[in-house]
Amino acid sequence: KCRTALTGIIQRKSLRLHLSEQSAPKAASLISNEITSVEEAAEWILYIVFGPVGIVGAGIWLALAQVGWTSTLVVILAIIVVQLLLVRVLKLQEKFNRKRMELTNERIDATNTLLGSIRVIKMFAWEPNFRRKIEEARGKEMRQLQVIGWLEAIGMIIFEFVLRALPAITQLVLIYQRNIDVTVLFTSTVLYALFSLDAFLFFLKSLKSKDDLIAACQRIKLYLLLEEFTDQRQTISANDKPKQLYCTAADIAIAPNKHTELEPALPGHKHCQSQQEKPARQPQSTPSNRPVISQLTMRMVEGDLVMLVGRVGAGKTTLLLSLLGETRLQSGFLAYTQGATFAYAPQEPWILATSVRDNILMGRKLEADRYKQVLAACSLMRDLSLFARGDATLVGPRGVTLSGGQRARVGLARAVYSHAHVYLLDDPLSAVDPPVAQHIFASCIRRLLASKLVVLATHQLQFMEEASKVVLLESG
């Protein structure tokens, strides 16, 4: 139940974070690592109390009723020395385990980079470089694992030795005192067998689980304290008027990354610091909170075709995301008509591992006439005729069976089919051939969406004469 509850909390939190937080990898890491530590701690944490209480209670009973204080104190002293030695071994193991986790994250990052960019890597034959990098990271990780394994072996050797040595020490003390008795030996041996696991193995595991639990809770806490998404756009009421969207003297920035370093905070560890102190030491101006677009003023109404032009990196995508409310408005005013709905077609469309039709409908009811109009306007009819099963063809994970142009047109068709008031199109024409781009612009943008507000980011300057407004972005 605890694992299910924490997993649900983290997943719901990931849906409320800004795009800049890259919440999905962090959430997956917390669910696979930290929640597992919490789950394991629930099994062992009680032995922090049971171990000492059990051994103290058994020692007092033995001292008063069986072997006397001398033998009991000798055994307790031996237990304390062994416990200190095992705790030292445990601390060394934790130190190397932290280093191993850092190396594991480095290897996973390199592997994710390789898999995410496999086409480019194959094109430029960079496989040996990435393979060498991953193998080096894996080699360092394996060396840390070997050290951890040796420390675990040393701890188990000490535990097994003490497990058999302490009864012998008790018996030797009794023989030296000439107070040996079969009843006493049997009673002390049985009692020691009952409490030895609690006093040694389970107690040490509980200490390790306690440290892991503190670190896991600290990392989960930092994640839950990440700044959540808040839509800073204002709404205006305009009854029986065209939907409009406007901004005044707007400074737009990417959402700042606060508390994004989810570092383990073990007691005594150098990263264990008050989280209230960290933001105070950060510089006031960082790449994430510096305005990408400054002093933007414009007004758009239904029926307008607004084209965003500018060089790569000028801020066209950021402006589209700001119109969606996905960025931070540092100053100025950004508003839209109450009740207006938005549709967004990104540069890299999100394609489900399902059929073409399901990717376009996205759970909405099928309207046959509208569906055919959208397919024709987005120049998908010919592509579907080449598929064996038409629009029922499965496209695979991330649309692997589709070309780049086909994925872009499927993403565009999904947005166009949505019956929205405002359409934000992030350069859908760059992934297709010039004739196809001309057809999409004429049939989809200028005809099917003629009565809608369309904001188009593009590098196709030949279409500028068709636009109602042109916004030129240059270095923000």
**Message:** Measuring only between side-chain heavy atoms, which start at C-beta, is D358 closer than 4.5 Å to S355?
**Reply:** yes
**Message:** Other residues, nucleotides and ligands only: do more than 12 of their heavy atoms fall within 6.0 Å of CD on E348?
**Reply:** no
**Asked** Between atom CG of L151 and atom CZ of R88, what is the distance when rounded to the nearest 0.5 Å?
**Response** 10.5 Å
**Fill in**
Taken to the nearest 0.5 Å, the spacing of L319 CG from C247 SG works out to 7.0 Å
**Prompt:** For Q406 and L402, which heavy atoms make the closest approach, and how far apart are they?
**Reply:** OE1-CA, 3.4 Å
**Asked** Can you check whether L224's main-chain N or O pairs, donor with acceptor, with K13's side chain at less than 3.5 Å?
**Response** yes
**Request:** Give a yes or no answer on whether the side chain of T341 reaches the backbone of H421 with a donor-acceptor pair at less than 3.5 Å.
**Result:** yes
**Request:** Check the surroundings of atom CZ in R3: do more than 12 heavy atoms from other residues, nucleotides or ligands lie under 6.0 Å from it?
**Result:** yes
**Quiz item: cation-pi between R143 and F96, 6.0 Å / 45°** = no
**Prompt:** Any side-chain heavy-atom pair from M298 and L245 closer than 4.5 angstrom?
**Reply:** no
**L472 versus G310, closest heavy-atom pair with distance** = CD1-CA, 4.3 Å
**Atom pair CG/SG of L412 and C378 - distance to nearest 0.5 Å** = 4.0 Å
**Request:** Could you check whether the rings of Y417 and H419 sit parallel, tilted or perpendicular, using 30° and 60° as the cut-offs?
**Result:** tilted
**Fill in**
CZ of R407 to OG1 of T401, rounded to nearest 0.5 Å, is 9.0 Å
**Request:** Answer whether the closest heavy-atom distance between the side chains of V309 and V471 falls below 4.5 Å.
**Result:** no
**Message:** Donor-acceptor check, side chain of R357 to backbone of A392, threshold 3.5 angstrom: yes or no?
**Reply:** no
**Fill in**
When every non-hydrogen atom of A415 is compared with those of S418, the smallest separation belongs to O-OG, 2.5 Å
**Request:** For the residue pair L30 and I35, establish whether any side-chain heavy-atom pair is separated by less than 4.5 Å.
**Result:** no
**Asked** Is there side-chain contact between V454 and V306, with heavy atoms separated by less than 4.5 Å?
**Response** no
**Message:** side chain to side chain contact (heavy atoms under 4.5 Å, CB included), that's the test. Do L384 and F387 meet it? Break it down for me.
**Reply:** CA-CA 5 Å; L384 295 180; F387 295 157; 3.9 Å; yes
**Asked** Between atom CG of L225 and atom NZ of K221, what is the distance when rounded to the nearest 0.5 Å?
**Response** 6.5 Å
**Asked** Under 6.0 Å between ring centres, would you say that holds for F342 and Y423?
**Response** no
**Request:** Return the minimal non-hydrogen interatomic distance between Q460 and S430, and the atom names on each side.
**Result:** NE2-CA, 4.2 Å
**Request:** May I have the step-by-step check of side chain to side chain contact (heavy atoms under 4.5 Å, CB included) for L114 and I121, ending in yes or no?
**Result:** CA-CA 7 Å; L114 170 65; I121 292 171; 3.5 Å; yes
**Request:** Apply side chain to side chain contact (heavy atoms under 4.5 Å, CB included) to the pair W150 and L92, showing each step before the final yes or no.
**Result:** CA-CA 11 Å; W150 280 109; L92 289 174; over 6 Å; no
**Asked** Do side-chain atoms of R107 reach the backbone of E141 as a donor and acceptor pair under 3.5 angstrom?
**Response** no
**Prompt:** Just by modelled atom types, is the R311 backbone N or O under 3.5 Å from a matching donor or acceptor in the K316 side chain?
**Reply:** yes
**Prompt:** Going by heavy atoms in the side chains, are T317 and D427 under 4.5 Å from each other?
**Reply:** no
**Request:** For the pair L334 and L323, evaluate side chain to side chain contact (heavy atoms under 4.5 Å, CB included) and give the outcome as yes or no after the intermediate values.
**Result:** CA-CA 8 Å; L334 177 60; L323 298 179; 4.0 Å; yes
**Prompt:** Is any side-chain heavy atom of Y223 less than 4.5 Å from a side-chain heavy atom of L226?
**Reply:** yes
**Asked** Rounded to the nearest 0.5 Å, what separation is found between the OG1 atom of T393 and the CG atom of D391?
**Response** 7.5 Å
**Message:** Is any side-chain heavy atom of I360 closer than 4.5 Å to one of L380?
**Reply:** yes
**Item:** Shortest non-hydrogen contact from A345 toward G411
**Value:** CB-O, 4.2 Å
**Request:** Measure from the side-chain N and O atoms of R414 to the backbone N and O of N359, and report whether any donor-acceptor pair falls under 3.5 Å.
**Result:** yes
**Qualifying residue for salt bridge (charged side-chain N to carboxylate O under 4.0 Å, His left out) with E135, from R131, R138, R132** = R131
**Message:** Ignoring hydrogens, what is the shortest heavy-atom contact between A216 and V38? Give both atom names and the distance.
**Reply:** CB-CG2, 4.0 Å
